[in-house]
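In the text below, chain A, chain B and the rest are named by the order of the sequence lines, each starting its count at 1. Note that the coordinates shown come from a computational prediction; the quantities given were computed from them, not determined experimentally.
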Amino acid sequence: MATLTLTQVRKSFGATEVIHGVDIDVAEGEFIVIVGPSGCGKSTLLRMVAGLETVTAGEIAINGQRVNEREPMDRNIAMVFQNYALYPHMSVFDNMAYGLKIARMPKPEIAARVAEAARLLQLEPYLARRPRELSGGQRQRVAMGRAIVRQPAVFLFDEPLSNLDAKLRVQMRLEIKALQRKLGITSLYVTHDQVEAMTLADRMIVMNEGNAEQIGAPLEVYERPATLFAAQFIGSPSMNVLPGEGAEDGVVLENGMRIPLGRPVAGKVMLGIRPEHLVPDADGPLAIETGMSEPVGAQTLVHGRLTGSTAECVASLPGVHRESDLPAVQRYAVPPHAAHVFDAATGRRIGV
Amino acid sequence: MEKRVTFKGWLLPLLLVAPQVAVTAVFFFYPAGQAVWQSLFIPDPFGLKSQFVGLGNFEFLLGDPYYRASFVTTAIFSSLVTVVSMGVALVLAVLADRLIKGSGTYRTLLIWPYAVAPAVAGVLWLFMFNTRVGVVAWYLGQLGYDWNHVLNGGEAMGLVVVASAWGRISYNFLFFLAGLQAIPRSVIEAAAIDGARFWTRFWTIVFPLLSPTTFFLLVVNIVYAFFETFGVIHTITSGGPQQATTILVYKVFADGFVGQDLGSSAAQSVILLVVVGVLTVVQFRFIERRVHY
Amino acid sequence: MAGGAQSGMVERRGWSLWLTHAGLILGVMVIAFPIWLAFVASTVTQPEIVRPPMPVLPGDQFFENYRKALVAGVNAPVAKMLMNSAVMALGIALGKIAISLLSAFAIVYFRFPGRKAFFWLIFLTLMLPVEVRIVPTYEVVAGFGMLNSHAGLILPLIASATATFLFRQFFMTVPDELVEAARVDGARPMRFFLDILVPMSRTNIAALFVILFIYGWNQYLWPLLITTDPQMNTIVMGIKQMFPSGDDIADWPVIMATSILAMLPPVLVVIFMQKLFIRGLVESEK
Ligand SMILES: Nc1ncnc2c1ncn2[C@@H]1O[C@H](COP(=O)(O)OP(=O)(O)OP(=O)(O)O)[C@@H](O)[C@H]1O
Ligand SMILES: [Mg+2]
């Protein structure tokens with residue numbers, strides 16, 4: 001068990017800086033998920049922690065010890081790769097045992113550790129097989145096993161589930177979570193899948209273009225996104241964003257509609273409302289021209305456009321609604337607690 | 001193409017390349033440099049000193065009727081070897097490709113002569129055509145043809161061509177068969193449905209689609225005929241009669257080791273070097289283009 | 001289109017199928033004929049050969065001729081020449097594979113001063129067969145006192161970079177994550193090389209070994225130049241030395257037995273390692 005601290009960590013490839021000063025404090029046994037779109041620098045950050053990339057500036061510390069200059073093996077970490085990176089010519093047993101052999105651990109102890117990991121991961125029947133004789137899920141488990149046997153201070157995962165099919169992904173997600181709880185090892189987990197992030201994380205880090213936009217518990221990020229980016233990236237379907245202007249009791253949208261929020265707002269802003277928070281209400285302030293509707297089972301997604309503007313909106317209504325049942329223009333209420341206001345220039349959250 | 005992930009350090013990699021650098025420097029670059037250097041000198045008759053003659057050796061060679069004759073001989077020899085070995089191989093490959101079952105068996109039966117050294121091939125063919133004991137020569141005699149490659153330059157050329165082409169058929173067969181099997185069946189079937197008969201199909205569809213293989217083999221076979229047939233020539237004719245089978249490589253050897261004319265031999269090496277260079281460039285150009293198809 | 005559509009030329013039924021087989025069998029027979037004849041000659045007596053036409057079926061002198069060749073030979077026992085050939089072929093194959101693996105590992109997995117230059121230097125060696133630089137190479141080998149030695153037979157033929165390119169090609173296809181996983185597991189460069197890269201390359205190594213073994217075994221000009229001592233002759237070049245100079249009649253049965261022995265090892269390699277052989281051939285020509 002260990003803590004992991006990143007202080008103003010930066011990374012440049014040649015002249016281009018791809019990580020712009022990231023601070024993270026990971027407590028003992030905590031499961032942290034880094035989530036963000038492709039190319040935002042998640043892998044780079046993780047690989048710096050692993051020691052596979054040099055740190056351009058800043059400090060990485062494990063248990064309070066600076067590790068910037070240490071080789072991966074001297075950092076007491078273990079990593080699970082996206083494509084598993086199993087040694088194709090070694091058996092499952094040898095794959096898991098390889099790191100221990102290099103560390104010159106006595107044979108009986110290696111055998112005991114591998115057996116324990118195999119038991120945890122239900123890999124016992126496959127120990128003698130080669131990786132190519134395993135299914136995707138089993139390979140994934142071997143990669144996990146290779147990390148577990150080392151009993152590291154920190155686990156690092158780089159999109160470990162993205163090569164699995166949807167059903168297996170859900171199953172392995174649960175297994176990883178259960179395993180991490182049981183072993184209590186501090187973990188850093190990278191994904192671009194926000195559902196994975198929401199379900200796995202104790203706290204998550206939303207990354208965008210090399211910056212940590214927000215760090216917080218999943219529901220906290222969901223309910224109080226700190227930036228427009230975090231607001232739109234987390235949640236599906238994505239949050240509606242309507243440009244507008246501040247007023248003394250709320251926001252005035254482009255088309256002149258006045259949305260009362262019960263508090264004064266100033267300057268050019270973006271008003272964010274999650275689709276599930278739009279409540280049909282004949283007296284509501286928001287008028288939307290109804291377009292297509294998509295029944296997805298328990299809810300219906302109603303697409304539309306704000307009247308007198310080009311802004312697209314989605315409302316998620318409970319129950320089944322047919323297009324023909326909906327009025328051509330539907331009015332919606334906006335509960336003040338569900339309205340998020342962001343500065344149009346900086347994208348930062350304004351107010352509560 | 002470069003690896004993104006590498007190890008640190010520079011001493012270890014230098015140690016790792018050291019053996020190859022050493023061997024290549026001593027046994028490759030130094031001798032190749034020497035060949036170029038020596039080509040600019042003529043040793044005096046006692047072999048004590050040598051005199052700088054600039055491009056004199058080259059000038060002499062290009063004016064030398066024997067050297068020019070050797071060029072012509074090489075051209076004839078390598079064209080014949082290439083055409084004979086590729087022609088026979090193509091016919092056999094087309095036949096084998098017609099079979100659904102059994103083409104693997106024929107492949108096994110046809111590829112092993114590749115492993116027979118050119119020099120050994122030379123001995124085998126020499127034995128068949130030997131003027132005293134050769135079976136084929138004897139039967140030719142029964143038919144009224146007096147075979148004697150020891151005296152007849154044309155016959156000598158024919159014999160070294162056949163002996164050189166023989167071992168090469170395997171190689172060409174292998175590549176032609178692979179090329180034929182890589183042609184999509186649907187293309188040929190479409191032509192068959194269009195009513196094209198076997199020969200029409202072969203010349204208008206199969207052969208053009210096979211042209212990358214053919215071109216590749218053409219270059220490889222010419223290089224083979226230029227350099228690797230030394231053993232055949234040396235065992236069967238030793239370049240004779242009257243230098244009728246003295247190809248360029250054989251002449252480098254004969255002038256350098258038998259005649260001890262180092263300057264001329266070195267100049268000949270340099271000329272050969274240019275020939276290989278051109279062939280290699282042609283080949284690389286072509287392969288590059290093929291990759292872009 | 002009845003009758004299966006996966007064959008090359010579509011129509012091959014009835015007599016056309018038989019013609020195809022007939023053509024191929026004829027081809028096989030013509031190609032095998034010289035070797036059959038050599039084999040027959042190696043099993044009969046000298047008088048049977050010098051009075052043409054010689055028989056076309058094997059005689060009863062098989063053991064006698066081969067024993068005579070192996071034990072006595074003409075200038076040197078063929079057994080000795082076989083040994084020399086084996087040493088040379090194995091030396092070339094293993095030596096070239098070893099130095100090529102090491103240097104390919106270096107150029108793919110490290111960045112070091114002179115890397116580009118090294119790359120281009122070895123590229124140049126691809127272009128020059130040994131035949132072109134024989135005289136100066138001979139002088140170098142003579143200068144090292146390596147005439148009539150195994151080292152002299154082997155080293156100059158190792159000096160080419162085909163194998164380095166092949167291994168480089170293969171190493172480039174090994175996923176980066178494997179190196180990283182090994183680093184996380186604590187493997188240092190040589191450990192990664194020996195435990196992971198070399199075992200993963202074993203099919204390539206084997207294919208290349210087959211090709212290089214045949215290449216080394218079949219060398220002619222080079223051994224001809226540097227082995228003047230019959231005890232150092234390789235079998236492929238030694239055959240020619242068995243012919244008498246002048247008008248004497250050659251000992252054909254022994255010479256033919258030697259020829260068969262000379263082709264046997266590489267032919268067996270090709271037949272029994274056909275898959276690797278074809279793979280090696282195709283890859284080394286890429
Ligand atoms: N070795 C490198 N050299 C130059 N640029 C690089 C290198 N590695 C990554 N980058 C750049 O750094 C940025 C971040 O890359 P990174 O791999 O961390 O993204 P990611 O968030 O993991 O994306 P993905 O979800 O697609 O894996 C990208 O713009 C990428 O092009
Ligand atoms: Mg990534």
Side-chain angles (χ1 to χ4, degrees), chain B residues 1 3-7 10 12-14 16-17 19-20 23-24 27-28 30-32 34-35 92 95-100 106 109-117 119-120 123-125 128 133 135 138 180 185 188-189 192 198 227 230-231 235 249 256 262 265-266 269 272-273 276-277 280, chain C residues 4-10 12 20 23-24 27-28 31 34 37-38 49-50 52-54 99 102-103 105-106 108-113 118 125 127-129 131-133 135-137 140 155-156 158-159 172 176 179-180 189 214 218 220-221 236 239-240 252 259 262-263 266-267 270-271 274:
Chain B
M1 243 193 347
K3 274 255 185 250
R4 211 164 50 88
V5 180
T6 54
F7 290 107
W10 52 269
L12 179 61
L14 287 180
L16 290 172
V17 295
Q20 181 148 34
V23 171
T24 322
F27 294 102
F28 188 92
Y30 175 73
Q34 279 288 305
L92 291 173
L95 289 177
D97 185 50
R98 281 162 63 95
L99 300 173
I100 294 177
Y106 285 111
L109 288 173
L110 284 169
I111 62 171
W112 54 274
Y114 173 87
V116 178
V120 176
V123 173
L124 299 186
W125 285 83
M128 289 196 290
V133 305
V135 185
W138 186 83
L180 286 169
R185 296 316 182 202
I188 293 160
E189 283 156 18
F198 179 83
F227 298 104
F230 176 87
T235 48
V249 167
L262 289 187
S265 166
S269 293
L272 274 182
L273 203 146
V276 193
T280 313
Chain C
Q6 63 279 65
S7 146
M9 290 296 159
V10 183
R12 11 95 249 134
T20 306
L24 283 165
V28 169
I31 284 178
L37 214 58
I49 291 179
V50 293
M54 61 168 277
I99 64 171
L102 292 176
S103 57
F105 176 52
V108 172
Y109 283 99
F110 291 87
R111 299 284 170 271
F112 56 93
F118 173 75
T125 66
M127 316 208 321
L128 290 180
E131 282 80 1
V132 177
R133 49 193 161 88
V135 179
T137 310
V140 170
L155 287 176
I158 291 183
M172 296 302 297
D176 281 351
V179 190
E180 301 188 324
I214 297 173
N218 288 349
Y220 184 74
L221 174 57
V236 168
I239 300 173
K240 166 86 175 172
W252 286 107
S259 301
M263 67 179 93
V267 165
V270 166
I271 290 177
Q274 201 181 138

Checklist entry - Can you find a pair of side-chain heavy atoms, one from Ser269(B) and one from Val135(C), that are under 4.5 Å apart? => result no
Checklist outcome for this item: Smallest heavy-atom separation, Leu92(B) atom then Gly27(C) atom, equals CD2-CA, 3.9 Å
Checklist entry - Do you know which of Ala38(C), Ala106(C), Ser103(C), Gly23(C) has the most heavy-atom pairs with chain B at a distance under 4.5 angstrom? => result Ser103(C)
Checklist outcome for this item: chain B shares the most heavy-atom pairs under 4.5 Å, among Tyr109(C), Phe112(C), Phe118(C), Phe105(C), with Tyr109(C)
Checklist entry - Going by atom types only, do Arg98(B) and Thr20(C) share a side-chain donor-acceptor pair under 3.5 Å? => result yes
Next on the checklist: Are the side chains of Leu124(B) and Met263(C) in contact, using a 4.5 Å heavy-atom criterion?
Outcome noted: yes
Checklist entry - Where does Val140(C) contact chain B at under 4.5 Å (heavy atoms): side chain, backbone, both or neither? => result side chain
Checklist outcome for this item: On a heavy-atom basis, the closest approach of Ile49(C) and Val133(B) is O-CB, 3.8 Å
Next on the checklist: Between Val179(C) and Phe7(B), does the side chain to side chain contact (heavy atoms under 4.5 Å, CB included) criterion hold? Intermediate values first, please.
Outcome noted: CA-CA 9 Å; Val179(C) 190; Phe7(B) 290 107; 3.6 Å; yes
Item to check | Top contributor to chain C contacts, counting heavy-atom pairs under 4.5 Å, from Leu109(B), Leu14(B), Val17(B) | outcome: Val17(B)
Next on the checklist: For chain B, which candidate among Val28(C), Ile31(C), Ile271(C), Ile239(C) shows the most heavy-atom pairs at distances under 4.5 Å?
Outcome noted: Ile31(C)
Item to check | Contacting moiety of Val135(B), where chain C heavy atoms sit under 4.5 Å | outcome: side chain
Checklist entry - Do Trp138(B) and Met54(C) come close enough that some side-chain heavy atom pair is under 4.5 Å? => result no
Next on the checklist: Counting heavy-atom pairs under 4.5 Å with chain C, which one of Tyr30(B), Trp10(B), Trp125(B), Tyr114(B) comes out on top?
Outcome noted: Tyr114(B)
Checklist entry - Which heavy-atom pair separates Ala159(C) from Phe28(B) by the least distance, and what is that distance? => result O-CD1, 3.6 Å
Checklist entry - What closest approach, in Å, do Lys240(C) and Thr235(B) show between heavy atoms, and which atom pair accounts for it? => result NZ-O, 3.6 Å
Checklist outcome for this item: Most heavy-atom pairs under 4.5 Å with chain B, out of Pro34(C), Pro266(C), Ser259(C), belong to Pro34(C)
Checklist entry - Side chain, backbone, both or neither: which part of Thr24(B) has a heavy atom under 4.5 Å from chain C? => result both
Checklist outcome for this item: Heavy atoms of Phe110(C) and Leu12(B) approach each other most closely as CZ-CD2, 3.7 Å
Item to check | Shortest non-hydrogen separation from Val270(C) to Ala115(B) and the atoms involved | outcome: CG2-CB, 3.6 Å
